[in-house]
Amino acid sequence: MIVVMQADATKKQVEHVVYLVQEMGLKDHVIVGTDLTVVAVIGDDRRVDTGTLERASGVDRVVPILAPYKIAAREAKEDRTQVKIGPDCLVGGRQVPVIAGPCSVEGEQAILDMAQQVKDAGATALRGGAFKPRTNPYSFQGFGEDGLKMLAAAREMTGLAVVTEVLTPSEVDLVEKYADCFQIGTRNAQNFKLLEAVGKSTKPVLYKRGMSMTIDEYLQATEYVLASGNPNVILCERGIRTFEDHTRNTLSISAVPELHHRSHLPVVVDPSQGTGYARLVPPMCRAAVAGGADGLIIEVHGDPEHAMTDGAQSITPAVLAEIMPSLSAIGELVRQ
Ligand code: PEP
Ligand code: MN
């Protein structure tokens, strides 16, 4: 359940509600919105006497949350969550921010060039994997910390915020040192210890849906990050496994409005992993924004044929520049 405080509730009244929740043997999670503060009650609240909470001073109402995800649930928060990656990339606002860059960091000069080119095309954050989760252990695994340093140099040069993947709990501190936003990949989507580890940070987390996860499982797993204390979660639909094989994954655009229906968290779409083919990326970018996506994460490479990873699904900076105006136009249209 959540306890919705009155608009003019004092800090003391909120603290008293927290005290009552803890006295009932449950865990509290205070969410401070722009207009209202709510206290999410976490744990098995079925036997709780809600009257005690309803009668506490400063309380407006007590709302049961039937969903198993208490903090991520739409009802837990009046306003939609906005997440800022670095100083300039706002996810969940009126604009449609684009996070763009190569699948992998391939070298210092390469990432510097790419950062400048995606910035010129209109991207507001840079992506690039320094630690790569590869299906085959003999494939290129990324440059590790050296790759993180190259990303930091690209940020230094362009001002673009850096989004990069973290693979293990033990590398969270290292990645945090260089990145503006953690990426949790599809293969780690149910690595609960990793989710808890990034949940202890305050840096944003771009958390991809597992390729075989239902939306319900996805939001339950999101709770690991939120309940660990980090509210800055960006959900990401990146395609799921189906019987269909004309694309690498099946990009579920309908997941976007469904996630918005169930949760207050912003949702971005990754049409690159979502399709596997560069020619499908522009139309799927437009479809995602039309479906209400709060942003996009797109793989871009200057020479896709020679990319070290995921060249087939990488668009060029020229194509990115070409599609940007239509993305903001569609974004404007659907936000009216
Ligand atoms: C990627 O973004 O390059 C990546 C590996 O993504 P995913 O985890 O969605 O496969
Ligand atoms: Mn990739």
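Side chains included, hydrogens not; waters and symmetry mates left out as well; all remaining heavy atoms used. Note that ligands are numbered from 1 as they come in the structure, with each ligand's atoms numbered from 1 the same way.
For the pair Lys203 and Glu176, the salt-bridge criterion is not met [side-chain N within less than 4.0 Å of a carboxylate O]. Salt bridge annotation for Arg262-Asp216: present, with a cationic side-chain nitrogen under 4.0 angstrom from a carboxylate oxygen.
In this structure, a donor-acceptor pair under 3.5 Å is present between the side chains of Glu23 and Tyr19.
Remark: minimum distance from atom 6 (O) of ligand 1 to any protein heavy atom is reached at Lys208 NZ, 2.9 Å. The shortest contact between atom 1 (C) of ligand 1 and any protein heavy atom is with Gln273 NE2, 3.3 Å. Annotation: atom 8 (O) of ligand 1 to nearest protein heavy atom, Thr186 N, 2.8 Å.
Residues Leu167 and Phe131 share a closest heavy-atom pair of CD1-CB, 3.8 Å. For the residue pair His301 and Ser314, the shortest heavy atom distance occurs at CB-CB, 3.8 Å.
Less than 4.0 angstrom separates some heavy atom of Gly185 from each of these atoms of ligand 1: 8 (O). Proximity to Cys103 (heavy-atom distance under 4.0 Å) selects the following atoms of ligand 1: 3 (O). Residue Glu299 approaches ligand 1 through these ligand atoms, each under 4.0 Å from one of its heavy atoms: 1 (C), 2 (O), 3 (O).
Rounding to the nearest 0.5 Å gives a distance of 5.5 Å between CD1 of Ile31 and NE2 of His264.
Checked against the Mn ion (ligand 2), the N, O or S atom of Asp310 at the shortest distance is OD2. Looking only at its N/O/S atoms, Glu299 has OE2 as the one nearest to the Mn ion (ligand 2).
Around atom 9 (O) of ligand 1, the closest heavy atom drawn from Arg127, Arg238, Lys132 belongs to Arg238.
Under the side-chain contact (heavy atoms from CB on, under 4.5 Å) rule, Met5 has a single partner from Val38, Asp60, Leu36, Val59, which is Val59.
Checking only distances, Asp310 never comes within under 3.5 Å of ligand 1, N or O to N or O.
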